[in-house]
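Since this is a predicted model, take the numbers as computed values, not measurements.
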Amino acid sequence: MEKSALSNCVRRTILSDQRRTIQEGLEESSWTMYFGTDDGLGHYDDSSMMSDAASPMGSVEEDTASSPSNRTKGYSEMEDNTIEERNMNKTKIEEKRLNKNGIMIEEYCAELKKRGLCLVPLSMLSNYIAMVSSTKLKSVDFYRKIPRDLTEASLSGAGLSIVAALFMMFLFGMELSSYLEVNTTTAVIVDKSSDGDFLRIDFNISFPALSCEFASVDVSDVLGTNRLNITKTIRKFPIDPHLRSTGAEFHSGLALHNINHGEETKEEFPDGAIPLTSASFEALSHHFPILVVNFNAPWCYWSNRLKPAWEKAANIIKQRYDPEADGRVLLGNVDCTEEPALCKRNHIQGYPSIRIFRKGSDLREDHGHHEHESYYGDRDTDSIVKMVEGLVAPIHPETHKVALDGKSNDTVKNLKKAPVTGGCRVEGYVRVKKVPGNLVISAHSGAHSFDSSQMNMSHVVSHLSFGRMISPRLLTDMKRLLPYLGLSHDRLDGKAFINQHEFGANVTIEHYLQIVKTEVITRRSGQEHSLIEEYEYTAHSSVAQTYYLPVAKFHFELSPMQILITENPKSFSHFITNLCAIIGGVFTVAGILDSIFHNTVRLIKKVELGKNI
């Protein structure tokens, strides 16, 4: 009943808060008085509530269930009241309004009730508003619940539910895999490299028949750059015919093109050096503690340039250290055109080559060949004599035993251990301009001549790549990019180019390389980040005879276009949308199938029941 009265009162009134103090520890509440007028609805605030409540115009009916006639009658009686009566009623009500404690007394409440006024606590009104609001919210429920008692479970529905759940899981796994997979787009654009950029070339190439003494790496390009015998970033290791390393890294001595050859003269000197053959070489090398040999060729310009100074130095040494009386040193000559086997056995590839053979430790066998030293100093008479005296000085003239102090420092700096084998592995890198150019590996010396007919530039490419090397760890971390990268950046790796003399002499092996830049970028937070830059290339090799010195040439040419691979990660919102579509779609289709199956079974049962009847 109270709720009904409250509801009727609230329908016709608007709200205004008035705080009052409530006796016996009650919390503050807001009180509002509501009344009906001819113009609509109204309310009293704290200042005018009692005065207006006394007015006959402020009376309303207690219950909306009262008849319209009663309501009209009440209004008519109120209009007949005079102004004096209203003032008297106002004074009486104000006297009864509050007690001394400020608490509304029962007489005042009764008076308000007689006049058809409704006094409502705000807490009760707020509860009512909340109840009305929740009722209105429930009206927009899209997922109205059906009592469990009104539903029916079936085995067919259970089986279909299990199948649907499994299918949802399968589709979820497929969608997750697709979301985690990175999609890429490939485009061909103009190379974005700036002018002045350099390209790095890394290589590791083995030459079974090229001595490390003369192996030279040269770079040239169409802009006129020509760099010869690069050594700063290049390392050379002697190898045997089976490409196995036979010693430590080979370091070239003094720059060969700076060698002092003395004054050129046509004066003839008596032969002071002993001509050596294969037989006499073995005997003399075991007899003399020091055997200094000049391997030369009569057609060689540098051999002929050395001959006067060599013969003059040999005569001086013979006078100072008589081979018969002293027996500590002997200078000899070997003509490689007459003794090719002896020269090949000692890996002589450039003429002239001055080698020092020592009796004892330096005659031990290693890889089938004797160890010996090469002289890279000046070739004038005084320098040669000084070098020989430095070798002889530590040796006792009677016992022919080497003193503990060994060789002098001046002698050591011009001597270096000669290669024990004729092969060389060249590795390192060079930086070139991004224009067409050549990387050439050949025998080079500013003070030696080479017999081009005896040069064999066969080689095995262990590694050749352009740009910064991609570490195996980086490739492992970027497995998703393997379909796009790492296919042609090392196309020549592991390939051998061997000349078995079937092409004749003076054979140059050329490789024509066309290089294309490939760049991979990814998009993160709306910005592009470069992941890796790689240069891939195609290779075409050929063998050609030349009138010049045979070389191994790698001609490279960069494409003006580059391949741009862009990673396009899927958005998380797209993944969630697809996931919701999977769940909703499978659930709906399963429901349709279950409904069709259930209705079909029910129809069949009805048909069977009709037949039985």
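- L558 places a side-chain heavy atom less than 4.5 Å from the side chain of L199.
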Passes side chain to side chain contact (heavy atoms under 4.5 Å, CB included), I583 versus V586? Steps please. CA-CA 5 Å; I583 297 174; V586 173; over 6 Å; no
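- Within the model, atoms CZ of F587 and CD1 of I592 stand 11.0 Å from one another, a figure rounded to the nearest 0.5 Å.
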Evaluate side chain to side chain contact (heavy atoms under 4.5 Å, CB included) for F554 paired with I205, printing each intermediate quantity in order. CA-CA 12 Å; F554 297 85; I205 305 173; 3.6 Å; yes
Using side chain to side chain contact (heavy atoms under 4.5 Å, CB included), reason through T186 and T566 one step at a time and then give a plain yes or no. CA-CA 6 Å; T186 303; T566 305; over 6 Å; no
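- Counting heavy atoms from C-beta on, the side chains of L439 and I201 come closer than 4.5 Å.
- Classification of R491 and D493 as a salt-bridged pair fails, no side-chain N sitting under 4.0 Å from a carboxylate O.
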Mind running side chain to side chain contact (heavy atoms under 4.5 Å, CB included) on Q562 and K192 for me, showing each step along the way? CA-CA 8 Å; Q562 77 169 62; K192 298 184 295 184; 4.1 Å; yes
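- Shown here for S156 and F597, the closest heavy-atom pair between the two residues is CB-CE2, 3.2 Å.
- Counting only heavy atoms from C-beta outward, the side chains of F207 and R425 never approach each other to under 4.5 Å.
- Under the rule for a salt bridge (charged side-chain N to carboxylate O under 4.0 Å, His left out), the partners of D191 that lie at least two apart in sequence or sit in another chain are K517.
- Side-chain contact between E557 and Y512: present, with at least one pair of heavy atoms (C-beta onward) separated by less than 4.5 Å.
- At distances below 3.5 Å, not a single donor-acceptor pair connects side-chain atoms of S595 with backbone N or O atoms of G591.
- A donor-acceptor pair under 3.5 Å is absent between the side-chain atoms of T225 and the main chain of D221, judged by distance alone.
- Between V219 and N438, every side-chain heavy-atom pair lies at or beyond the 4.5 Å cut-off.
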Less than 3.5 Å apart, which donor and acceptor atoms pair up between the side chains of residues 164-178 and the rest of the protein, not counting sequence neighbours?
residue	atom	partner	partner atom	Å
E175	OE2	N578	ND2	2.9
S178	OG	K570	NZ	2.2

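- Between C424 atom SG and I441 atom CD1 the span is 9.5 Å, to the nearest 0.5 Å.
- When all heavy atoms of V217 and V426 are compared, the pair lying nearest together is CG2-CG1, 3.7 Å.
- Side-chain atoms of H555 come within 3.5 Å of backbone N or O of G437 as a donor-acceptor pair.
- Heavy-atom minimum distance, D202 versus H463: O-CD2, 3.9 Å.
- Within a 6.0 Å radius of CG in L603, more than 12 heavy atoms belonging to other residues, nucleotides or ligands are found.
- The main-chain N or O of M457 is found under 3.5 Å from a side-chain atom of H459 such that the two form a donor-acceptor pair.
- The closest side-chain heavy-atom distance from L564 to V520 is not below 4.5 Å.
- Inter-residue side-chain proximity for E427 and K236 is flagged as unmet; no heavy-atom pair is nearer than 4.5 Å.
- Electrostatic pairing of K606 and E608 does not count as a salt bridge here, judged by no charged N lying under 4.0 Å from a carboxylate O.
- In this structure, CD1 on I239 lies 9.0 Å from CG on L210, to the nearest 0.5 angstrom.
- Here F497 and H511 bring their ring centres to under 6.0 angstrom of each other.
- Taking CG of L593 as the start and NE2 of H598 as the end, the distance is 14.5 Å to the nearest 0.5 Å.
- Taking each heavy atom of L160 and A590 in turn, the nearest pair found is CD2-O, 3.0 Å.
- The two residues N456 and N499 make their nearest non-hydrogen contact at ND2-O, 3.3 Å.
- Listed for the T233 side chain is a donor-acceptor partner under 3.5 Å among the backbone atoms of Y429.
- Separation of atoms CD (E249) and CD1 (I234) is listed at 10.5 Å; rounding is to 0.5 Å.
- Using a 4.5 Å heavy-atom cutoff, the side chains of L464 and L513 are in contact.
- A distance of 14.0 Å separates NZ of K434 from CG of L223, quoted to the nearest 0.5 Å.
- Pairing each heavy atom of L243 with each of S206, the nearest pair is CD2-CB, 3.9 Å.
- Among the candidates Y537, Y535, F203, the single residue satisfying the ring-ring contact (aromatic ring centres under 6.0 Å, His included) test with F466 is Y537.
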